[in-house]
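Per chain, numbering begins at 1; letters A, B, ... match sequence-line order. Since this is a predicted model, take the numbers as computed values, not measurements.
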Protein chains: 2
Amino acid sequence: MTPPVNTSGSTKERILAAAEVLFAQRGFDGASLRQLTSSAGVNLAAVNYHFGSKEKLVEQVFRRRLDALNARRLTALAKIAGVENTTLEDVLAAYIRPALDLSHDDSGALFMRVLARAFAEHDDTLRQFLSENYGHVMRQFTTEFARLLPQLSKPELYWRIDLVTGALTHAMSGFGMIQRKSDVSEHTHREQTAQHLIGFAVAGLSHP
Amino acid sequence: MTPPVNTSGSTKERILAAAEVLFAQRGFDGASLRQLTSSAGVNLAAVNYHFGSKEKLVEQVFRRRLDALNARRLTALAKIAGVENTTLEDVLAAYIRPALDLSHDDSGALFMRVLARAFAEHDDTLRQFLSENYGHVMRQFTTEFARLLPQLSKPELYWRIDLVTGALTHAMSGFGMIQRKSDVSEHTHREQTAQHLIGFAVAGLSHP
DNA sequence: GGCCAGTTCAAACGATCGTTTGAGCATACG
DNA sequence: CGTATGCTCAAACGATCGTTTGAACTGGCC
């Protein structure tokens, strides 16, 4: 009967965990601080005390996941960038697999939906934040794509990367009709997703 | 100094037009009825009088555009479905071009963003409405894709269509970094978008 | 004119939002 | 012990939300 309450970790951590869940479920505006603090088992005023405002809480939710995600992406890319026998599949795997690994635990999977939602909401403040803090990641990957696809003009390459981004966002956020069957393990499903994504993206990027 | 006011058409039409703009700009929750009625130049109570509630207004905004869009998609598909020498490009064109034509006028382009936002918001009510009213359209296209791609298993085909959908939604809603240059006409830009989308989708759907 | 259905209007309603307040509690340090 | 610091709490603040109300206005019809 009592609302679900998370009782582990510090107040700040409980708020961040509950925020990730509720933002994914109801959006940034849709999730109220009263729902959030109630599900986190903390006082209403705790958000403003620890984070200053709801908007700064949103920023922290993003920062916590994206820092780890993009660090792993860049690490994976650094191992293969510029190497002679690197393939398109390798670069795409460096981009996709950290995101799918992140979605291994439940709250990480929810975060991918938060991220996709942020894209969809066209919030200029948030887009600027993403561009400022993580734009260099996309730029490094684009450079590597350009090296492996020298036959494509710059506009052509940008177009194709843009379309791949759409497919990735769509698949990773669980938008589509494809849902994990109950007889397929989470790990298997993730591996299938990665392979479909990479095969699809390679074809879309490199077609004549 | 006065807020922008639309003074043409009936009250209902003014509300629908203003709603499409504001929903695209600020989302369904973000756009308030006071902003909406003010920008439409009608009284605040007019929405509840003519539509019953804000939620029913949202439904009408969708219905008005989607009925026309999907009718044109099915008309285009009927001309080529089952025909022997029909290509994948033809089917994709029947799906994509009506959407791009719709986005010819400004409010139509805004509607594509409304649609993409609805997808992203994971609103179950809205998704059920879309599935109930327009699911048959996607089903007919899927049948035709299956005929033209007999080498693909059903799960494989569904995966690829899902990824194509993601790319289409992304491109048509203007999410991405690709923006129309000022020295490119609207018509030219739309044609380029269609060609990039179709080429990309053909490669993604039919790769070995 | 008198009446009536359709529409518009200003004003208010109750609910919910993010944020602030000030008292109360715990722990650590002199 | 006294007190300072970090944190939590219930309560309230003002603003804004979707919706409802009842009167005022509109045109056509007898």
Side-chain angles (χ1 to χ4, degrees), chain A residues 2-62 114 117-118 121 123-126 129, chain B residues 2-62 114 117-118 121 123-126 129:
Chain A
T2 55
V5 171
N6 186 340
T7 55
S8 67
S10 70
T11 298
K12 277 187 82 161
E13 285 165 355
R14 282 209 298 260
I15 291 175
L16 283 170
E20 209 163 50
V21 174
L22 277 179
F23 286 160
Q25 286 174 347
R26 308 178 190 252
F28 304 112
D29 287 350
S32 75
L33 291 185
R34 284 170 177 81
Q35 292 173 334
L36 202 159
T37 51
S38 166
S39 115
V42 303
N43 187 270
L44 168 62
V47 169
N48 282 277
Y49 178 80
H50 286 283
F51 295 93
S53 68
K54 183 182 184 179
E55 194 172 315
K56 287 179 182 169
L57 168 62
V58 172
E59 188 178 307
Q60 286 299 316
V61 169
F62 274 84
V114 175
R117 200 189 268 271
E121 293 202 0
D123 183 316
D124 283 339
T125 305
L126 207 47
F129 166 78
Chain B
T2 57
V5 171
N6 185 337
T7 55
S8 67
S10 70
T11 297
K12 277 187 84 162
E13 284 165 356
R14 282 209 298 260
I15 292 175
L16 283 169
E20 209 163 49
V21 174
L22 276 179
F23 286 160
Q25 286 175 347
R26 307 179 189 250
F28 304 113
D29 288 350
S32 75
L33 291 185
R34 284 171 176 80
Q35 293 173 334
L36 202 159
T37 52
S38 165
S39 114
V42 305
N43 187 269
L44 168 62
V47 168
N48 281 276
Y49 178 79
H50 286 283
F51 295 92
S53 68
K54 184 181 183 180
E55 194 172 315
K56 287 178 183 168
L57 169 63
V58 172
E59 189 179 306
Q60 287 298 318
V61 169
F62 275 85
V114 174
R117 200 189 268 269
E121 292 201 1
D123 184 315
D124 285 338
T125 305
L126 206 48
F129 165 78

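Taking CD of B/Q60 as the start and NZ of B/K12 as the end, the distance is 6.5 Å to the nearest 0.5 Å. Atoms OG and CD1, on A/S39 and A/I15 in that order, are 10.5 Å from each other to the nearest 0.5 Å.
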Self-check item: Nucleic acid footprint by protein, nucleotides 11-23 of chain D - heavy-atom cut-off 4.0 Å, B for base, S for sugar-phosphate alone
Solution: -B----BBBBB--

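In this model, the phosphate group of C/dT7 is not approached by any side-chain N or O of B/T11 to a distance below 4.0 Å at OP1 or OP2. Listed pair A/H50 / D/dT8 meets the phosphate criterion, a side-chain N or O lying under 4.0 Å from OP1 or OP2.
Among A/V42, A/T37, A/L16, A/V47, the single residue meeting the side-chain contact (heavy atoms from CB on, under 4.5 Å) criterion with A/T11 is A/V42.
Residues A/A18 and A/L36 approach most closely at CB-O, 4.0 Å, considering heavy atoms. Here the closest heavy-atom approach between residue B/N48 and residue B/S53 is recorded as OD1-CA, 3.7 Å. For the pair A/D29 and A/K54, the tightest heavy-atom approach, listed with the atom from each and the gap, is O-NZ, 3.9 Å.
In this structure, the side chain of B/K56 does not engage the main chain of B/H50 through any donor-acceptor pair within 3.5 Å.
The terminal axes of the helix from C/dG1-D/dC30 to C/dG30-D/dC1, fitted over 5 pairs per end, subtend an angle of 30° to the nearest 10°.
Ring geometry for B/F129 versus B/F62: interplanar angle over 60°, hence perpendicular rather than tilted (30 to 60°).
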